[in-house]
Amino acid sequence: MTAHLTLLAALVFLLLSFDKRSLFQYLKKKILIINLEPRRLDSAPMATVCCNWNETALLVIDMQNDFVLPEMGSPMLVAGAKAVVPAVAKVVSLARERGIFVIWVVREHDPSGKDVELFRRHHYSNGKGPTMKGAKGAELVDGLKIRDGDYKLVKTRFSAFFNTHLDAVLKGSGIKRLVIVGVQTPNCIRQTVFDAVALDYEHITVIVDATAAATPEIHSSNIRDMKNVGVATPTLQEWTCSGA
């Protein structure tokens with residue numbers, strides 16, 4: 001508004017003081033200057049999210065053979081898990097490119113099953129059971145591999161924070177933001193997310209097509225619940241392009 005008033009005053013002054021030729025030259029100069037001034041473009045909301053990757057951690061949850069591969073014959077199989085393995089691998093690759101701290105959250109149980117939830121202990125007998133420490137079922141599915149600089153965290157309950165040192169590792173590493181992928185949405189993903197919310201992490205993202213559940217309906221309903229508490233729920237493509 002101030003600039004417009006200044007220009008108007010100048011025009012009035014010129015009209016009163018100069019001949020038409022001088023006025024034309026002046027206006028031509030002013031218009032050229034205005035057109036050359038760079039315009040300020042407002043960034044899209046996702047693009048303005050801080051990209052301090054050294055303050056971000058990726059949690060890859062339970063991408064193990066017993067959860068992912070039907071041929072394992074595991075009672076822990078998640079029907080939608082195998083389909084998201086490529087997406088999870090892409091997220092991990094991009095996270096490493098960005099320098100994001102990659103944390104592999106896995107279940108590893110004692111063969112006796114004594115460290116398993118009570119409702120699941122019937123799956124353990126004669127030294128056998130799902131995701132036993134050292135067994136093939138507890139290994140990461142093919143295509144996913146822990147590398148130097150990554151971190152492995154073992155849990156025995158749904159939440160990656162419950163009775164583990166995850167919060168201490170994250171806070172000790174200066175982590176304020178979390179990106180979460182893996183299985184399964186209503187159990188380990190959801191409970192980890194809600195604990196992260198309770199622990200006041202600044203920004204939490206669940207990549208919707210790099211997580212899975214037994215059915216699409218279960219998956220989408222739990223994604224909706226997490227979105228309702230402020231969790232970002234982009235697709236892999238959206239997360240890749242946004243830099244958030």
Side-chain angles (χ1 to χ4, degrees), residues 41-64 67-68 80-106 139-155 159-161 164-185 188-212 219 223 226-227 229-244:
L41 298 177
D42 291 329
S43 301
M46 289 292 284
T48 61
V49 176
C50 179
C51 295
N52 291 331
W53 302 126
N54 61 334
E55 295 181 352
T56 303
L58 170 67
L59 305 185
V60 185
I61 297 180
D62 290 354
M63 293 302 294
Q64 299 161 267
F67 292 110
V68 178
K82 191 172 183 178
V84 301
V85 172
V88 172
K90 289 179 182 178
V91 173
V92 172
S93 178
L94 181 56
R96 286 178 173 143
E97 289 177 15
R98 290 174 168 176
I100 293 173
F101 185 21
V102 179
I103 299 178
W104 300 88
V105 181
V106 298
E139 295 175 2
L140 292 174
V141 70
D142 285 347
L144 301 178
K145 186 177 181 180
I146 300 175
R147 294 185 181 178
D148 290 342
D150 295 350
Y151 191 87
K152 176 183 174 181
L153 180 103
V154 177
K155 66 180 176 64
S159 174
F161 289 99
T164 73
H165 53 276
L166 177 59
D167 188 51
V169 170
L170 294 171
K171 299 289 176 60
S173 302
I175 299 300
K176 300 177 182 178
R177 305 162 58 82
L178 301 177
V179 178
I180 299 174
V181 299
V183 293
Q184 67 170 315
T185 321
C188 300
I189 303 298
R190 181 187 178 110
Q191 291 206 25
T192 297
V193 163
F194 274 82
D195 279 352
V197 170
L199 289 165
D200 292 329
Y201 283 88
E202 292 181 3
H203 192 274
I204 302 164
T205 298
V206 174
I207 301 180
V208 294
D209 50 353
T211 49
H219 178 66
I223 290 294
M226 289 184 279
K227 187 174 182 179
V229 296
V231 175
T233 56
T235 64
L236 172 56
Q237 181 64 28
E238 289 168 342
W239 184 71
T240 300
C241 295
S242 71

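Note that the coordinates shown come from a computational prediction; the quantities given were computed from them, not determined experimentally.
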Shortest non-hydrogen contact between [X] and [Y], atoms and distance:
{"X": "L170", "Y": "A57", "result": "CD2-CB, 3.7 Å"}
{"X": "V206", "Y": "P234", "result": "O-CD, 3.6 Å"}
{"X": "T164", "Y": "L153", "result": "OG1-CD2, 4.1 Å"}
{"X": "L236", "Y": "I207", "result": "N-CG2, 3.5 Å"}
{"X": "Y201", "Y": "I175", "result": "CE2-O, 3.7 Å"}
{"X": "C188", "Y": "V183", "result": "CB-O, 3.8 Å"}

Checking [X] now: which residues fulfil salt bridge (Lys or Arg N to Asp or Glu O under 4.0 Å) with it, not counting sequence neighbours?
{"X": "K90", "answer": "none"}
{"X": "K171", "answer": "D167"}
{"X": "K145", "answer": "none"}

Would the distance check show the side chain of T192 and the main-chain N or O of I189 forming a donor-acceptor pair, the cut-off being under 3.5 Å?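 No; judged by distance alone, with no hydrogens or angles, the pair does not exist.
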Please say which of I103, V105, L59 ends up in a side-chain contact (heavy atoms from CB on, under 4.5 Å) with Y151.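 Of the listed options, the one satisfying the test is I103.
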Roughly how far, to the nearest 0.5 Å, is [atom2] of [Y] from [atom1] of [X]?
{"X": "I223", "Y": "M226", "atom1": "CD1", "atom2": "CE", "result": "4.0 Å"}
{"X": "I180", "Y": "T233", "atom1": "CD1", "atom2": "OG1", "result": "12.5 Å"}
{"X": "L140", "Y": "Q64", "atom1": "CG", "atom2": "CD", "result": "6.5 Å"}

Name all residues meeting the side chain to side chain contact (heavy atoms under 4.5 Å, CB included) criterion together with [X]; count only those two or more places apart in sequence or in a different chain, and write none if there are none.
{"X": "A89", "result": "L144"}
{"X": "E202", "result": "K176"}
{"X": "V229", "result": "F194, V197, V231"}

Just say parallel, tilted or perpendicular for the rings of W239 and W53, cut-offs at 30° and 60°.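 Ring orientation, 0 to 90° scale: perpendicular.
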Contact between [X] and [Y] at the side-chain level, heavy atoms closer than 4.5 Å - yes or no?
{"X": "T56", "Y": "T205", "result": "no"}
{"X": "I61", "Y": "F67", "result": "no"}
{"X": "T211", "Y": "V84", "result": "no"}

Could I get the full list of side chain to side chain donor-acceptor pair (under 3.5 Å) partners for [X], not counting sequence neighbours?
{"X": "D195", "result": "S159"}
{"X": "D150", "result": "R96, W104"}
{"X": "K155", "result": "D62"}
{"X": "T185", "result": "H219"}

Given side-chain contact (heavy atoms from CB on, under 4.5 Å), test V88 with V141 step by step and report yes or no. CA-CA 11 Å; V88 172; V141 70; over 6 Å; no
